[in-house]
Amino acid sequence: MAEELVLQQGHKVEQYQSILPQIQAIVEDEADVIANLANICAALRQQFGWFWIGFYLVKGNELVLGPFQGPIACTRIAKGRGVCGSAWQQQQVIVVPDVDQFPGHIACSSDSKSEIVLPIMKNGECVGVLDIDSDELNQFDEVDAEHLQQLMAMIEKFI
Ligand code: SME
């Protein structure tokens with residue numbers, strides 16, 4: 001595995017095009033799920049500098065906090081609650097331009113202003129979510145959704 005990431009400046013499409021193959025190279029050499037999820041958070045944080053990046057994994061009827069980068073966060077989220085619980089329930093990507101406008105948003109930190117949550121699917125079931133929060137409004141759009149879906153496809157192969 002490469003010991004250092006090559007970080008890309010410029011438009012976020014170029015940033016995704018640079019970081020996704022590097023993440024692929026990291027995870028394809030390692031079978032441990034937690035190690036891979038942890039490195040994915042670190043790589044995204046290094047490339048994009050987002051406020052909070054982390055995984056919640058389905059355990060019974062809750063999402064439980066997994067590997068993440070950023071300030072401490074809520075540890076358990078019920079199905080249907082907040083953005084994460086909604087993405088799990090709906091099995092859909094949710095982009096929230098302004099968290100204050102999302103009914104039931106769980107404010108782990110008042111610094112979080114916008115977010116994107118993507119479900120991780122395995123054999124037709126949601127087994128977890130990737131939650132990315134920004135401390136700026138309107139940080140995520142279709143470009144993020146499309147590229148992060150490619151990351152979800154990588155994760156679905158090893159989770
Ligand atoms: N924003 C999430 C809660 C998790 S924290 O932001 C890390 C939500 O409403 O689902």
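Order of listing sets the numbers, starting from 1, for every ligand and every atom in it. All values below were derived from every heavy atom in this structure, side-chain atoms included, with hydrogens, water molecules and symmetry-related copies excluded.
- Closest protein heavy atom to atom 10 (O) of ligand 1: Cys84 N, 2.7 Å.
- Ligand 1 places these atoms under 4.0 Å from at least one heavy atom of Val83: 8 (C), 9 (O), 10 (O).
- A distance of 13.0 Å separates CG of Leu37 from CD1 of Ile53, quoted to the nearest 0.5 Å.
- Atom CD of residue Gln15 and atom CD of residue Gln8 lie 7.0 Å apart, to the nearest 0.5 angstrom.
- At a 3.5 angstrom cut-off on N or O pairs, Cys108 does not count as close to ligand 1.
- Screening Leu151, Ile155, Leu148 for a side-chain contact (heavy atoms from CB on, under 4.5 Å) with Leu118, the sole residue that qualifies is Leu148.
- Contacts with ligand 1 closer than 4.0 Å are made by side-chain heavy atoms of Tyr56 only, the backbone lying farther away.
- The proximity of Val99 to ligand 1, defined as any non-hydrogen pair under 4.0 Å, does not occur for either the backbone or the side chain.
- In this structure, the separation between CD on Gln150 and CD1 on Ile23 is 11.0 Å, given to the nearest 0.5 Å.
- For Ser114, there are no side chain to side chain donor-acceptor pair (under 3.5 Å) partners at least two apart in sequence or on another chain.
- Counting atoms of ligand 1 from 1 in the listed order, those under 4.0 Å from a heavy atom of Gly82 are 9 (O), 10 (O).
- Where the criterion is an N or O separation shorter than 3.5 Å, residue side chain and backbone included, Asp133 meets it with respect to ligand 1.
- Atom 3 (C) of ligand 1 has Ile106 O, 3.5 Å as its closest protein atom, hydrogens excluded (heavy atom only).
- Only side-chain heavy atoms of Trp52 come within less than 4.0 Å of ligand 1; its backbone N, CA, C and O stay farther off.
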Exercise. Let me see the working for Leu130 and Ile40 under side chain to side chain contact (heavy atoms under 4.5 Å, CB included), right down to the final yes or no.
Key: CA-CA 10 Å; Leu130 169 62; Ile40 289 170; 5.7 Å; no

Exercise. Could you go through the ring pair (Phe, Tyr, Trp, His ring centres under 6.0 Å) check for Phe48 and Tyr16 one step at a time?
Key: CA-CA 9 Å; Phe48 294 99; Tyr16 280 115; 4.7 Å; yes

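- Checking only distances, Arg81 never comes within under 3.5 Å of ligand 1, N or O to N or O.
- Two residues are said to be in side-chain contact when any heavy atoms from C-beta on lie closer than 4.5 Å; Trp88 and Ile77 fail this criterion.
- Shown in contact with Asp131 at under 4.0 Å from a heavy atom are these atoms of ligand 1, numbered in order with element: 1 (N), 2 (C), 4 (C), 5 (S), 6 (O), 7 (C).
- Annotation: Ile77 places no N or O atom under 3.5 Å from an N or O atom of ligand 1; distance criterion only.
- The ligand atoms of ligand 1 that sit less than 4.0 angstrom from a heavy atom of Glu115 are 1 (N), 2 (C).
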Practice problem: Apply the test side chain to side chain contact (heavy atoms under 4.5 Å, CB included) to residues Asn39 and Val27: give CA-CA distance (whole Å), side-chain angles for both, the deciding distance (0.1 Å), then the verdict. | Solution: CA-CA 8 Å; Asn39 263 339; Val27 301; 5.9 Å; no

